[in-house]
Each structure stands twice: as structure tokens, then as C-alpha cells.
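To keep things clear, I will list the structure first and then write my remarks on it.
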Amino acid sequence: MRIRSFLQHDLARLTELTIETFGPFYEDSFRPLVGEVVFANQHGKWRDDYVKQVAELHDPAEHRYVAVAEINGAIAGYVAWAVEPERRNASVTILAVSAEHRRLGAGTVLCEHAFAAMRELGADVVMIGTGGDGFHAPARALYEALGCTPLPVAVYYREL
């Protein structure tokens, strides 16, 4: 496995990977859970949102970074993070690993790479958010295995 910095020619594949990774959450978990009105209001254009978001993830001048994992020359996944140097804080924005490369350690290696880069940039603390539903259970297990402490929160939606 090779970890490298984002290159502009990665953008299309990372966008595609993000949509492939999180599509099952939006379509198979969130939509049925909250119903059509809430879904449309909150994430009805989730694909378009990712097209815009992924394009803006890597901007070192704004303290935003992306690292890419390759296995046998194929993009296996990526991690995006941001650092707030004045607060000595950092956050993982997105972690996505392709379905065919899951359970090979890419998520762990990507997170550890990002954590090391955050420390080099002066961060003392990192925050990683994920969902409490079944879709996000592997992410929760990974973050806890990396020594992160979960904070119980509840988010409620209601159609008005």
C-alpha cells in the first residue's frame, strides 16, 4: 500500500469513490429512515453536494489536505482533513475506502498518516465524526481501535 498526496487528476476518481461509498447510506439507510420530505430537504442532492465538496477538500493554503492510498496502482481510498493551527485542532473531513479494498487496513493507514501530518502541522487534538447507524458501524470500530473516544449525541429530524 502506498500513501501519497492528492493530485488534481485524482479528483474524478475520488468523487466517484465518495459517491459509491456513501450512496448506500443515503439511499438505503437515511432516506427510508426519515422519509422523502426530510431526505429531500437535508440530502436530496447528496451526489451534487459531494461533487462540490470533494473538489474543495485539498487546499493547503487553507489548511485542508487529502492523502490517497494506492494498492497495486489502483486508488483504494482517501482521507481528507483540516487543521486549525491557531486552536491546535484538526478534523477528519472524509474517509472513504473502495468496497474491493476494505478490510485490508487502508482506513487505518490513511488515518495514521493524517494524524501524523496533523501533529506536524501543530495540532494536538483531532475530531472525527460518523453516524450511529448500522452503515457507519465499521467506521466507529475503526476510530475506537485508533484510540478515539466516542461522544454520544442524538440528532432528530421531523417533517413540519
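This structure is a prediction, so every number in the text was calculated from the model and none was measured.
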Fill in the blank from the handout: Here the salt bridge (charged side-chain N to carboxylate O under 4.0 Å, His left out) pairs for residues 4-26, sequence neighbours left out, are Arg4-Asp10, Arg4-Glu70, Arg13-Glu16, Arg13-Glu20
Handout entry: For Arg47, all residues meeting salt bridge (charged side-chain N to carboxylate O under 4.0 Å, His left out), sequence neighbours excluded
Key = Glu27
Practice task
Please round to the nearest 0.5 Å and tell me the distance separating atom CD1 of Ile71 and atom OG of Ser98.
Solution key: 7.0 Å
Practice task
Under the side chain to side chain contact (heavy atoms under 4.5 Å, CB included) rule, what do Ser5 and His58 come out as? Steps first, then yes or no, please.
Solution key: CA-CA 9 Å; Ser5 186; His58 189 75; 3.8 Å; yes
Exercise for the section: Would you indicate whether the side-chain heavy atoms of Val126 and Val92 approach each other to under 4.5 Å? Expected result: yes
Handout entry: Results of side chain to side chain contact (heavy atoms under 4.5 Å, CB included) for Leu160 - residues two or more places apart only
Key = Arg158
Problem - Verify same cluster id: Val83, Ile128 (apolar side-chain graph, 4.5 Å) - result: yes
Exercise for the section: Would you mind reporting whether Thr21 and Arg102 have side-chain heavy atoms less than 4.5 Å apart? Expected result: yes
Exercise for the section: Give, for atom CZ of Phe25 and atom NE2 of His43, the distance between the pair rounded to the nearest 0.5 Å. Expected result: 6.0 Å
Practice task
With the side chain counted from C-beta on, respond yes when Arg31 and Glu36 share a heavy-atom pair under 4.5 Å apart, and no when they do not.
Solution key: yes
Handout entry: Val66-Leu17 co-clustered via ILVMFWY side chain contacts under 4.5 Å
Key = yes
Handout entry: Partners meeting side chain to side chain contact (heavy atoms under 4.5 Å, CB included) with Thr15 (sequence neighbours left out)
Key = Leu11, Ile19, Val51, Val54
Handout entry: Single-linkage hydrophobic cluster, 4.5 Å side-chain cutoff, Trp46 and Leu33 together
Key = yes
Practice task
Please answer: with hydrophobic residues joined when any side-chain heavy atoms are less than 4.5 Å apart, are Leu14 and Tyr26 in the same cluster?
Solution key: yes
Practice task
Give every residue pair that meets the ring pair (Phe, Tyr, Trp, His ring centres under 6.0 Å) criterion with at least one member in residues 82-109, sequence neighbours excluded.
Solution key: none
Practice task
Under the salt bridge (charged side-chain N to carboxylate O under 4.0 Å, His left out) rule, collect the residues that match up with Asp28, sequence neighbours excluded.
Solution key: none
Problem - side chain to side chain contact (heavy atoms under 4.5 Å, CB included) partners of Gln53, counting only residues at least two apart - result: Tyr50, Leu57, Thr93, Ile94
Handout entry: side chain to side chain contact (heavy atoms under 4.5 Å, CB included) partners of Val34, counting only residues at least two apart
Key = Phe30, Val38, Phe39, Tyr157
Exercise for the section: Just jot down the side-chain hydrogen bond (donor to acceptor under 3.5 Å, both in side chains) partners of Asp49, sequence neighbours excluded, or say none. Expected result: none
Donor-acceptor pairs under 3.5 Å, side chain of residues 135-151 to any protein atom, not counting sequence neighbours: which ones?
from   : atom 1 : to     : atom 2 : distance (Å)
His136 : ND1    : Asp133 : OD1    : 2.5
Arg140 : NH1    : Gly131 : O      : 2.8
Arg140 : NH1    : Gly132 : O      : 3.4
Arg140 : NH1    : Asp133 : O      : 2.8

Handout entry: Nearest heavy atoms of Ile3 and Leu110, plus distance in Å
Key = CD1-CD2, 3.8 Å
Completion exercise
Quick note, ring pair (Phe, Tyr, Trp, His ring centres under 6.0 Å) partners involving residues 60-99, not counting sequence neighbours, are Tyr65-Trp81
Can I get a per-line list of side-chain donor-acceptor pairs under 3.5 Å for residues 111-124, giving both atom names and the distance, sequence neighbours left out?
from   : atom 1 : to    : atom 2 : distance (Å)
Asp124 : OD1    : Arg88 : NH2    : 3.2
Asp124 : OD2    : Arg88 : NE     : 2.7

